[in-house]
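Below is one structure, written out as structure tokens, with a few remarks after it.
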2 protein chains.
Amino acid sequence: MAGHGARGRSGGRPTLEEVAARAGVGRGTVSRVINGSPRVSEATRAAVEAAVAELGYVPNTAARALAANRTDAIALVVPEPETRFFAEPYFSDMLRGVGAALSDTEMQLLLTFAGSDRKRQRLAQYLAAHRVDGVLLVSVHADDPLPDMLDRLDIPAVISGPRSADESLTSVDSDNYGGARQAVEHLLGRGRRSIAHITGRLDVYGAQRRIDGYRDALREAGHEVDELLIEPGDFTEEGGRRAMAALLERRPGLDAVFAASDVTAAGARHALREAGRTIPGDVALVGYDDSAIARHMDPQLTSVRQPIEEMGRSMIDLLLTEIADRRPAVSRGLERRHVVLPTELVERSSS
Amino acid sequence: MAGHGARGRSGGRPTLEEVAARAGVGRGTVSRVINGSPRVSEATRAAVEAAVAELGYVPNTAARALAANRTDAIALVVPEPETRFFAEPYFSDMLRGVGAALSDTEMQLLLTFAGSDRKRQRLAQYLAAHRVDGVLLVSVHADDPLPDMLDRLDIPAVISGPRSADESLTSVDSDNYGGARQAVEHLLGRGRRSIAHITGRLDVYGAQRRIDGYRDALREAGHEVDELLIEPGDFTEEGGRRAMAALLERRPGLDAVFAASDVTAAGARHALREAGRTIPGDVALVGYDDSAIARHMDPQLTSVRQPIEEMGRSMIDLLLTEIADRRPAVSRGLERRHVVLPTELVERSSS
DNA sequence: AGGTACTGTGGGAGCGCTCCCACAAGTGAT
DNA sequence: ATCACTTGTGGGAGCGCTCCCACAGTACCT
């Protein structure tokens with residue numbers, strides 16, 4: 001096979017040039033057909049398509065990437081160790097949505113963990129090498145340097161869960177505020193009067209929004225907010241347990257708990273059991289995420305569902321748009337977009 | 001920058017050529033340094049490395065891929081819809097192991113779902129285009145054409161969970177047979193005498209091995225195997241429920257159940273509850289996978305743990321070896337390797 | 001008739017790298 | 001001194017594609 005030795009290749013895959021020869025046209029024309037350019041006559045297009053089919057031609061992506069300076073791949077960057085990522089069902093659900101949305105596309109999904117400093121280092125290099133056309137960021141802490149780095153490198157990026165109210169990156173989020181309100185209003189509707197809240201990690205914007213929703217729901221229902229019923233958690237089970245214990249000590253009379261995640265609720269449940277409280281008899285419990293845990297908990301957990309799959313889809317849409325927008329010109333100053341999707345309360349037996 | 005128009009690029013990344021100029025050497029020499037060739041003098045190497053550092057040079061992977069015919073990427077192919085993949089914790093755990101193992105490498109991980117026919121089609125194209133250096137296959141049914149296709153395309157591949165005893169692909173698996181034995185022996189040790197087994201999908205080799213382990217453990221303990229205590233499941237919760245109901249109907253006196261997965265066990269638990277049986281009082285329950293579900297179940301589920309992270313690592317090791325072996329020559333007929341890793345029983349309150 | 005415009009097409013140049021051949025310089029055996 | 005290696009190096013050619021310029025052909029104005 002031509003060139004300087006067939007380097008261990010197997011079948012000698014057909015090239016653009018061969019397709020062109022076969023179809024009796026020039027290289028440029030084949031390229032135009034492959035890329036769906038409108039400036040090709042119907043007859044020529046048909047001839048080329050026939051040749052492509054006969055030869056089983058598949059474009060060489062490396063060559064395309066080199067020539068066109070794009071990669072047809074995006075990276076899902078997880079700035080956490082692998083362990084953490086998979087411990088929270090939120091992530092796998094998100095990944096599923098992204099995967100589904102991406103399967104309608106030619107884009108490939110790269111999974112990248114940036115948990116340790118060494119991995120961060122490598123990731124920075126990787127991104128600097130422009131090996132992906134865009135980046136999806138999930139679960140970013142308020143002080144993470146990654147988003148700014150992406151901005152500096154001028155790499156299209158979409159973040160799930162903005163870092164603040166004026167996030168500089170395009171973002172997708174569920175309605176944390178509204179979701180929290182739903183949960184609290186539900187508990188109020190069931191006649192609960194002393195509703196505690198175990199928060200998420202306070203450096204996560206979404207957790208703050210849930211606190212806001214909790215507060216406003218109470219206030220608008222004419223209740224006063226008792227700050228001692230709010231206890232910080234960290235989205236983990238152990239955190240939920242600790243927070244619940246603290247709450248029980250401080251406000252033994254509480255009759256409901258809204259936890260910022262299902263995992264937190266699971267921890268709270270343990271603490272409640274240990275304290276001899278029944279669920280939902282003594283204390284009603286509502287979680288957040290509607291993950292698998294909610295269905296497996298005993299009693300089954302009422303929880304706020306986020307449309308995670310839709311969020312994944314949305315992220316992909318936005319990212320692809322950004323990539324497409326950026327391609328033709330150096331059109332800086334794109335309008336940032338922020339999508340917020342509604343939540344839904346799934347009622348089960350814990351409340 | 002140079003060429004036919006700076007196509008929207010931002011910083012004008014340095015090229016090999018520029019590094020060479022800076023270091024006062026030829027292009028070939030820089031390439032040799034970058035790729036760690038030993039045929040470079042110490043002085044030259046140092047000079048090149050300095051130039052690389054000064055310029056912040058990062059090799060362009062597309063160019064490398066084109067010239068060298070490799071991609072430095074591997075694909076994790078999941079021949080299931082996204083939904084199924086993430087419903088079973090087994091997969092996310094596996095993915096975590098793979099991710100961890102890969103982070104010591106320059107290799108990138110691509111996540112590919114091949115659930116629908118259309119995706120299959122695309123995947124086939126993708127693989128035919130040799131866009132990855134190797135493939136990791138998980139959860140493959142006995143009749144899946146994918147493995148053979150990979151074999152034909154001569155793409156290095158490692159499969160997790162071989163399809164049969166004489167799997168043609170290099171494989172990694174946990175000791176399904178031994179794990180099942182551990183579970184049954186444990187139940188026997190607790191004085192249980194009528195032990196049922198809800199199997200996995202019967203077209204999965206590992207499920208068969210678990211049945212074998214179940215049978216042999218009973219036989220070697222001097223018990224006779226009651227075929228009516230074996231009921232097929234399909235690894236799902238609903239399947240577990242159905243199977244358990246059937247078993248209770250047929251053998252109401254059973255006092256223990258070994259389920260082929262934790263999810264199955266969760267289903268069985270529901271059916272047991274509905275039938276008024278207590279766990280572990282009336283019936284002891286043992287699962288398989290030791291997933292998050294096991295810890296969240298009530299009562300907490302005794303389960304057989306597979307060293308999934310280690311399996312992921314092992315798969316990567318084997319795959320990288322295959323890729324490396326294949327690179328230099330057309331060395332066909334590589335010896336297939338099959339790694340089997342031990343399991344461990346995690347005892348909790350359900351047994 | 002000449003101009004202007006647009007449509008469709010061919011092919012040169014170039015993307016940034018790896019591979020390999022050529023060759024200089026050194027080393028040691030004959 | 002000649003030959004035969006070995007070690008280190010430079011640079012041409014080529015990977016398969018996209019981009020863009022050039023140009024033929026046709027259409028529609030003045």
Side-chain angles (χ1 to χ4, degrees), chain A residues 1-9 11-21 23-48 52 55 57-72 129-131 327-329, chain B residues 1-9 11-21 23-48 52 55 57-72 129-131 327-329:
Chain A
M1 237 99 304
H4 36 271
R7 304 197 208 87
R9 235 156 321 135
R13 299 198 292 122
T15 70
L16 236 208
E17 194 105 34
E18 286 165 44
V19 174
V25 298
R27 231 172 45 252
T29 303
V30 177
S31 176
R32 259 163 298 216
V33 172
I34 300 291
N35 294 292
S37 156
R39 313 184 124 345
V40 181
S41 73
E42 257 332 301
T44 315
R45 181 183 308 278
V48 171
V52 166
L55 264 41
Y57 170 74
V58 181
N60 178 323
T61 14
R64 173 177 289 178
L66 179 57
N69 202 46
R70 69 202 161 93
T71 62
D72 291 325
H130 284 265
R131 287 189 57 169
R327 211 100 93 181
Chain B
M1 245 78 327
H4 36 273
R7 305 197 208 84
R9 236 157 321 134
R13 299 199 291 123
T15 69
L16 235 208
E17 194 104 38
E18 286 165 46
V19 174
V25 300
R27 234 173 45 251
T29 304
V30 177
S31 176
R32 254 158 276 172
V33 172
I34 299 292
N35 293 292
S37 155
R39 312 183 121 348
V40 182
S41 72
E42 254 334 298
T44 316
R45 180 183 307 277
V48 171
V52 166
L55 263 40
Y57 170 75
V58 182
N60 178 322
T61 14
R64 174 177 290 178
L66 180 57
N69 202 46
R70 69 198 159 94
T71 63
D72 291 325
H130 284 267
R131 287 188 58 169
R327 210 100 93 183

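Chain naming here is simple, since letters A, B, ... match the order of the sequence lines and numbering starts at 1 in each. On a predicted model such as this, the values are computed, not experimentally measured, just so you know.
- Taken over five-pair windows at either terminus, the axes of the helix from dA1(C)-dT30(D) to dT30(C)-dA1(D) are inclined to one another by 50° (rounded to 10 degrees).
- Below the 3.5 angstrom threshold, one finds no donor paired with an acceptor across the side chain of Arg13(A) and the base of dG16(D).
- When the C1' atom of dC17(C) is taken as reference, atom CZ of Arg64(B) falls 8 Å away, rounded to whole Å.
- Residue Gly26(A) is the one, among Ala62(B) and Gly26(A), whose nearest nucleotide of DNA chain C lies closer to the 5' end (criterion: closest heavy atom).
- Closest non-hydrogen pair, Tyr57(B) versus Thr15(B), comes out as CE1-C, 3.6 Å.
- Between the base of dG12(D) and the side chain of Arg27(B) there is a donor-acceptor pair shorter than 3.5 Å.
- Rounded to whole angstrom, the span from the CG atom of Asn69(A) across to the P atom of dG14(C) amounts to 17 Å.
- The two atoms that bring Thr29(A) and Thr44(A) nearest to each other are CG2-CG2, 3.5 Å, heavy atoms only.
- In this structure, Glu18(B) and Arg13(B) approach most closely via the heavy-atom pair OE2-O, 4.4 Å.
- Here the shortest heavy-atom pairing between Ala65(A) and Ala62(B) reads CB-CB, 3.7 Å.
- The backbone N or O of Gly28(B) sits less than 3.5 Å from a side-chain atom of Arg32(B), completing a donor-acceptor pair.
- Each of Val30(A), Asn60(A), Val52(A) was compared with Leu16(A) under the side-chain contact (heavy atoms from CB on, under 4.5 Å) criterion, and only Val30(A) meets it.
- Near-neighbour residues of DNA chain D inside residues 28-41 of chain A, defined by a heavy atom below 4.0 Å, number-ordered: Ser31(A), Asn35(A).
- Rounded to whole Å, atom C1' of dC17(D) lies 7 Å from atom OH of Tyr57(A).
- The CG atom of Leu66(A) sits 18 Å away from the P atom of dA13(C) (whole-angstrom rounding).
- Rounded to an integer number of Å, the gap from Leu16(A) CG to dC19(D) C1' is 13 Å.
- In this structure, Arg45(B) places its CZ atom 15 Å from P of dT7(D), rounding to the nearest Å.
- Taking both residues in full, the closest heavy atoms of Arg64(B) and Asp72(B) are given as CD-OD2, 4.1 Å, listed atom of the first, atom of the second, then distance.
- The nucleotide whose nearest atom lies closest to any side-chain atom of Ala67(A) is, among dG14(C), dG16(C), dG11(D), dG14(C).
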Determine, for nucleotides 22-28 of chain D in 5'-to-3' order, which nucleotides have protein heavy atoms under 4.0 Å from the base (write B), from only the sugar-phosphate (write S), or from neither (write -). -------

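- One atom, CD of Glu18(A), and another, C1' of dG16(D), lie 10 Å apart when rounded to the nearest Å.
- Residue Glu17(B) contributes atom CD, which lies 13 Å from atom P of dG14(C) at whole-angstrom precision.
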